[in-house]
A.B. asks: 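Sharing a structure below in structure tokens format, with a few things to ask.
Residue indices begin at 1 and follow the sequence shown. Side chains included, hydrogens not; waters and symmetry mates left out as well; all remaining heavy atoms used.
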Amino acid sequence: SGPRSLARVLARLMQVVAPPPVLNLALDPPLSMSSLLEASGLTWRYGPERSGTIPKATLSLDRLHALVETPTATPEDLAAEAAWARKVLA
């Protein structure tokens with residue numbers, strides 16, 4: 001999951017004959033930022049509550065799933081792939 005998974009999904013989408021003009025791209029299931037930070041081994045804490053903050057936002061992936069298969073996301077996989085990308089891009 002992460003940059004390599006995005007590349008794989010984009011490659012699959014390039015094979016779709018008539019893709020929709022607008023398409024949400026995300027991994028499934030939705031993951032919390034706290035689970036991603038913890039899987040990355042980063043120290044973090046919740047900040048003060050702010051009015052108007054949206055506690056959770058997810059994208060509909062129905063159109064994407066109708067076109068291509070997507071990998072299942074896990075915090076650990078995303079953290080590992082992010083670490084790999086940091087080394088490659090360094």
Side-chain angles (χ1 to χ4, degrees):
S1 305
R4 290 185 283 189
S5 296
L6 174 62
R8 288 186 197 109
V9 170
L10 288 173
R12 290 177 189 145
L13 284 171
M14 298 300 286
Q15 304 302 314
V16 174
V17 175
V22 177
L23 190 64
N24 290 332
L25 247 130
L27 292 173
D28 216 7
L31 302 172
S32 67
M33 185 55 70
S34 61
S35 66
L36 296 173
L37 292 168
E38 289 169 3
S40 296
L42 298 172
T43 303
W44 70 279
R45 63 181 172 79
Y46 285 103
E49 284 191 31
R50 298 181 191 181
S51 66
T53 300
I54 299 170
K56 183 178 181 179
T58 58
L59 299 173
S60 172
L61 301 178
D62 294 343
R63 289 171 126 187
L64 178 65
H65 289 156
L67 297 171
V68 297
E69 184 180 334
T70 59
T72 300
T74 68
E76 296 76 20
D77 289 345
L78 285 171
E81 209 163 308
W84 169 84
R86 282 192 295 275
K87 290 177 188 172
V88 169
L89 299 174

A.B. asks: With sequence neighbours excluded, give me every side-chain hydrogen bond (donor to acceptor under 3.5 Å, both in side chains) pair touching residues 56-70.
C.D. replies: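 For residues 56-70: His65-Thr70.
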A.B. asks: Looking only at heavy atoms, what is the nearest atom pair of Leu59 and Ala26, with distance?
C.D. replies: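 Closest approach of Leu59 to Ala26, heavy atoms only: CD1-CB, 4.0 Å.
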A.B. asks: Heavy-atom distance under 4.5 Å between the side chains of Asp77 and Thr72, does that happen here?
C.D. replies: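 No, side chains not in contact.
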A.B. asks: Name all residues meeting the side-chain contact (heavy atoms from CB on, under 4.5 Å) criterion together with Ser32; count only those two or more places apart in sequence or in a different chain, and write none if there are none.
C.D. replies: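 In terms of side-chain contact (heavy atoms from CB on, under 4.5 Å), with neighbours along the sequence ignored, Ser32 is linked to Ser34, Ser35.
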A.B. asks: Kindly indicate whether the side chain of Pro20, heavy atoms from C-beta on, has any atom under 4.5 Å from the side chain of Leu67.
C.D. replies: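 In short, these two side chains touch, coming nearer than 4.5 Å.
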A.B. asks: Roughly how far, to the nearest 0.5 Å, is the OG1 atom of Thr43 from the CD atom of Glu38?
C.D. replies: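 Glu38 CD to Thr43 OG1: 10.5 Å, rounded to 0.5 Å.
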A.B. asks: Please find the pair of heavy atoms, one from Glu76 and one from Ala39, that lie closest to each other, and give the distance.
C.D. replies: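 In terms of heavy atoms, the two residues are closest at N-CB, 3.9 Å.
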A.B. asks: OG1 of Thr74 to CG of Leu31: how many Å apart, nearest 0.5 Å?
C.D. replies: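 The OG1 atom of Thr74 sits 7.5 Å away from the CG atom of Leu31.
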A.B. asks: Does Ala80 have any side-chain contact (heavy atoms from CB on, under 4.5 Å) partners at least two apart in sequence or in another chain, and if so, which?
C.D. replies: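 Once residues adjacent in sequence are excluded, Ala80 has no partner under the side-chain contact (heavy atoms from CB on, under 4.5 Å) criterion.
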A.B. asks: Got a sec, which pairs hit side-chain hydrogen bond (donor to acceptor under 3.5 Å, both in side chains) with one end in residues 14-31, sequence neighbours left out?
C.D. replies: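 Every pair satisfying side-chain hydrogen bond (donor to acceptor under 3.5 Å, both in side chains) with a residue in residues 14-31: there are none.
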A.B. asks: If every non-hydrogen atom of Leu25 is compared with every non-hydrogen atom of Leu6, which pair is closest and at what distance?
C.D. replies: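 Minimum heavy-atom separation between Leu25 and Leu6: CD2-CD1, 3.5 Å.
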A.B. asks: Enumerate the ring-ring contact (aromatic ring centres under 6.0 Å, His included) contacts for residues 19-59, please, sequence neighbours excluded, ordered by first and then second residue.
C.D. replies: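 Qualifying pairs: Trp44-Tyr46.
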